[in-house]
Amino acid sequence: MMTNVLVAEYRKTFGRKVIWMLAGAVAAFTALYFVLAYMTARQAQITGMDVGSIPPVTWPHGWVTGVVELLSPGFLGGIATIVLVSSLWSAETRWRTLHLWLGRGVSRTQMLVAKAVILVLPLLLVSVAGTVAAGGTSAALTLLAEGGISLQQVDGVQIVLGILRATLALMPVGALTLLVGVVVRSGAGSLGAALGYLLLGEQLIGGVLGLVGIGAASRYLPVATANGLAAYGRLMVRDAAVTPPMMDAATALVGCVAWTAILLGVALWSLHRQDLTD
Amino acid sequence: MAKVVLETRQLTKRFEDVVAVDGVDLAVQEGEVFGFLGPNGSGKTTTIGMVLGLLHPTMGEIAVFGKRVDPGNVAPLREVGALVGGPAMVPGFTARHNLHLLTYLDSASLDGASRAERVDEVLAQVGLGLAADRKVGGFSLGMKQRMGLAAAMLHRPRLLILDEPTNGLDPAGMREIRGLLRSLAAEGVTIFLSSHLLHEVEQVCDRVAVLKDGRVVAQGRVSELLGGGATVRARVPDAEAAARRLRGLPEVTSVRSNGSYVEVVGLPSEVVNLQLVQNGIVPSELLTQQHDLEHVFLELTAEAA
C-alpha cells in the first residue's frame with residue numbers, strides 16, 4: 001500500500017504547476033540578484049566606493065553566493081520551501097483530497113510520510129534551479145567581463161554534493177512548515193507562522209537562550225543547524241582560504257535529520273489526534 | 001442470513017458540550033441499499049465521518065466487513081468507496097487526470113491501458129465521458145457530484161458510502177444517478193445512502209434508519225416503516241367528540257382532531273365510518289391518505305422532538 005501511496009503522491013505533486021513555477025522563480029530571482037549585484041559592484045568600482053558588502057557573484061565564487069547565501073534555509077531557499085509546503089498542504093485540506101485518500105483506506109501515517117518523502121524531490125528541484133542559475137549567471141557575467149572562465153576553479157563532485165546538502169538543509173524548514181500546516185490547516189496561517197519563525201522566531205529564541213546563559217545552544221536550533229549544513233557549499237570552490245570555520249559536518253547532518261524527524265513526528269502525532277471536519 | 005458489512009455499536013460523538021451522535025447502532029447487510037435519513041444537523045455526516053476514520057468517536061465501535069475501523073486503523077476502508085460532503089478533486093487537473101491519479105492509489109502495478117480503460121468506463125457511467133478532458137475546477141456542482149461518484153466507484157468497492165449524491169443535479173440527473181445506484185446494487189454492491197430527499201430514498205432503498213438529534217429513532221425495511229398504513233380523515237361536526245369515541249378502539253394507533261377533521265391511523269375508512277355513525281356522529285366527508293416515507297419521517301422526527 002505504501003508504494004501505491006508514494007506513486008500517487010509523486011504524480012499528484014508533480015502534476016501541480018506551483019512546483020515548476022517556484023523553481024523558475026528561484027532561478028529567476030537568483031539570476032536577477034546576480035545581475036544587480038554585479039552592476040552595483042561595477043558602479044561602485046567606477047565611483048571608488050567600498051564593495052565589501054556586495055557578495056561576490058562572478059566566477060567561481062558566485063557558486064558559493066548562490067548556494068550558501070541565497071539558497072540557504074535562512075533566506076530564499078527557506079522562503080521557497082515554506083511557500084511550497086504551505087501551498088501543497090493547505091490545498092490538500094481545501095480540496096479535501098486529504099479526506100478522499102483517508103476514506104480509501106490510506107492511513108494518516110502513510111499519507112504524511114509519503115508527503116514528506118516526495119517533498120524531497122521538489123526541494124531538490126528548487127536547489128538544482130538555484131544552483132544552476134547561480135553558476136550559469138556567474139559564468140555568463142564573468143565571460144562578459146573577462147572573456148573566459150576557469151572550470152578548474154570549481155569541484156564538480158562538490159557541486160553535486162552542494163545541491164544535495166542544500167536540499168537536505170531545506171528539510172527541517174519543510175518539516176516545520178508541514179507541522180504548522182497540519183496544526184493550523186490554513187495556507188495563510190502556515191505561511192505566516194513558518195515565515196515568522198524563519199525571519200524572527202529563531203533569533204528571538206536565540207536571544208532568550210542567551211539571556212538564560214545557554215546562548216551557544218542557539219546554534220543547534222532548526223534553521224541554524226540547517227544553515228550550518230548548507231554552509232558546506234563553500235567547498236564547491238577550490239579555494240580553502242575563503243572557507244571560514246563551520247559547524248562540524250556530522251553534527252550539521254545529524255542535526256538536520258534529527259530536526260526533520262522530530263518536527264515530522266510532532267506533525268504526525270497532531271494529525272492523528274485531529275478530527276478532520278471541513 | 002445476509003452478512004453485515006457495516007456495523008456501528010453505541011457510536012457517539014461529542015463536540016465539547018454538543019452531542020452530535022448519540023449511541024447509534026446500525027447494521028447494513030451485504031447487497032442492500034440502506035438509506036440514512038435525518039433532518040439537517042441530525043448527525044448523518046458526523047456518523048459517516050466516523051465510519052470513514054475522519055473523526056474520532058467519543059464512544060462506541062465501528063466495523064466494516066467485520067474489521068474494526070477507527071482513525072488509527074482505516075485499512076478495511078480499501079474496499080469502500082465514499083462521497084462525503086462534496087467531491088474532493090484537484091481543480092487544476094482534468095476529470096481523467098484526477099481519476100487516473102486515484103488508480104495509482106488503488107494499485108501501483110496496473111498497466112497504463114487498464115487504468116485508462118477503467119477511467120473511461122467510470123466516466124461514461126456517471127455521464128462525464130464528453131467532459132473527460134476538461135479541468136474539474138470549471139465543472140458545475142452537478143458535474144462535480146458526478147466526479148465524486150466516479151471517484152467512489154473507480155476501484156469497484158464492495159461498499160459505497162454516499163452522502164447526498166444527487167446534490168446539485170437536475171431532475172433528469174437525479175433520475176440517472178438513481179438508475180446507476182440501482183444497477184450497482186443489482187451487481188451486489190452494498191450502498192449506504194445518506195439523503196434528505198425522501199422520495200429518492202423511498203425509490204432506491206431496501207432499509208432505512210432515521211436519525212434525529214443524533215439518535216436513531218427508527219430502523220427497518222421501508223415497507224415496515226410505512227406499515228402499509230394510511231390515515232383516514234373524516235369531516236365531522238364535532239372533531240373532539242369523534243376523537244374521544246375512536247381512541248381506545250383496538251388496532252387504532254393514532255387519533256388526532258384537526259379543526260373540523262378527525263384523523264385516524266390503523267383503521268380502514270369503512271370501520272371509521274361505522275364507528276362514528278354508531279356513536280351518532282355522521283361524517284360528511286371521508287378521505288384515505290396512503291402513508292409515504294415523508295409522512296413517516298415527519299411523524300418520527302416530530303415525535304422525537
Side-chain angles (χ1 to χ4, degrees), chain A residues 1-22 84 87-115 117-118 182 185 187 265 267-278, chain B residues 13-15 20 45-46 48-58 64 67 69-94 97-98 100-110 136-137 144 147-148 151-152 154-155 157 161 163:
Chain A
M1 185 68 181
M2 192 62 211
T3 312
N4 297 355
V5 180
L6 281 169
V7 173
E9 180 63 36
Y10 166 77
R11 289 190 159 262
K12 183 173 59 178
T13 304
F14 276 84
R16 303 271 316 273
K17 284 183 188 152
V18 64
I19 291 166
W20 307 100
M21 285 165 64
L22 204 64
L84 180 77
S87 74
L88 288 180
W89 185 260
S90 67
E92 295 281 349
T93 46
R94 196 170 65 248
W95 299 334
R96 303 180 69 260
T97 39
L98 193 76
H99 305 64
L100 178 69
W101 286 30
L102 289 173
R104 279 177 110 88
V106 177
S107 74
R108 297 180 188 210
T109 304
Q110 285 171 334
M111 200 161 57
L112 201 71
V113 168
K115 180 77 59 193
V117 169
I118 298 302
V182 166
R185 279 196 266 169
L268 190 59
W269 174 79
S270 173
L271 184 63
H272 269 283
R273 288 172 56 87
Q274 283 181 0
D275 276 335
L276 296 170
T277 49
D278 287 341
Chain B
K13 180 64 186 177
R14 191 185 288 271
F15 294 105
T45 302
T46 303
I48 293 174
M50 287 189 282
V51 169
L52 294 176
L54 302 175
L55 304 174
H56 293 263
T58 308
V64 173
K67 292 172 191 157
V69 169
D70 59 52
N73 177 33
V74 290
L77 298 176
R78 285 174 203 158
E79 291 184 88
V80 175
L83 168 60
V84 183
M89 295 287 149
V90 181
F93 291 179
T94 64
H97 189 172
N98 265 295
H100 195 254
L101 180 68
L102 286 177
T103 63
Y104 284 94
L105 201 59
D106 303 324
S107 169
S109 58
L110 208 66
V136 172
K144 284 179 180 167
M147 261 307 282
L154 186 67
H155 56 308
I161 297 177
D163 188 12

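Each chain gets a letter, A, B and so on, in the order its sequence line appears, and its residues count up from 1.
Atom CG of A:Leu276 sits about 11.5 Å away from atom CG of B:Leu52, to the nearest 0.5 Å. With values rounded to the nearest 0.5 angstrom, A:Asn4 atom CG is found 10.0 Å from B:Thr103 atom OG1. Taken to the nearest 0.5 Å, the OH atom of B:Tyr104 stands 15.0 Å off from the NZ atom of A:Lys12.
Proximity of a side-chain donor or acceptor of A:His99 to a complementary backbone N or O of B:Gly49 within less than 3.5 Å is not detected.
Proximity to chain B (any heavy atom under 4.5 Å) is shown, for A:Arg94, by neither the backbone nor the side chain. Within the 4.5 angstrom heavy-atom criterion, atoms from both the backbone and the side chain of A:Arg11 approach chain B.
Contact count against chain A (heavy-atom pairs under 4.5 Å) is highest for B:Pro91 among B:Pro91, B:Gly148, B:Gly92. Interface check for chain A: of the options B:Val90, B:Thr45, B:Ile161, B:Thr46, the most heavy-atom pairs under 4.5 Å are formed by B:Val90. Counting heavy-atom pairs closer than 4.5 Å to chain A, the top-ranked of the candidates B:Met50, B:His97, B:His100, B:Met89 is B:Met89.
Under a cut-off of 6.0 angstrom, the local environment of CE in A:Met2 is crowded, with over 12 non-hydrogen atoms contributed by other residues, nucleotides or ligands.
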Pair up each side-chain donor or acceptor in residues 69-88 of chain B with any protein partner under 3.5 Å, not counting sequence neighbours, and list the distances.
{"from": "B:Asp70", "atom 1": "OD1", "to": "B:Gly72", "atom 2": "N", "distance (Å)": "2.8"}
{"from": "B:Asp70", "atom 1": "OD1", "to": "B:Asn73", "atom 2": "N", "distance (Å)": "3.0"}
{"from": "B:Asn73", "atom 1": "ND2", "to": "B:Arg68", "atom 2": "O", "distance (Å)": "2.8"}
{"from": "B:Glu79", "atom 1": "OE1", "to": "B:Arg158", "atom 2": "NH1", "distance (Å)": "3.0"}
{"from": "B:Glu79", "atom 1": "OE2", "to": "B:Arg158", "atom 2": "NH1", "distance (Å)": "3.4"}

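Contact between A:Arg108 and B:His56 at its shortest, heavy atoms only, is NH1-NE2, 4.2 Å.
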Give the C-alpha distance, both sets of side-chain angles, the deciding distance and a yes or no for side-chain contact (heavy atoms from CB on, under 4.5 Å) between B:Leu105 and A:Leu100.
CA-CA 11 Å; B:Leu105 201 59; A:Leu100 178 69; over 6 Å; no

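Qualifying side-chain hydrogen bond (donor to acceptor under 3.5 Å, both in side chains) partners for A:Lys115, counting only residues two or more places apart in sequence or in other chains: A:Glu9, A:Glu92.
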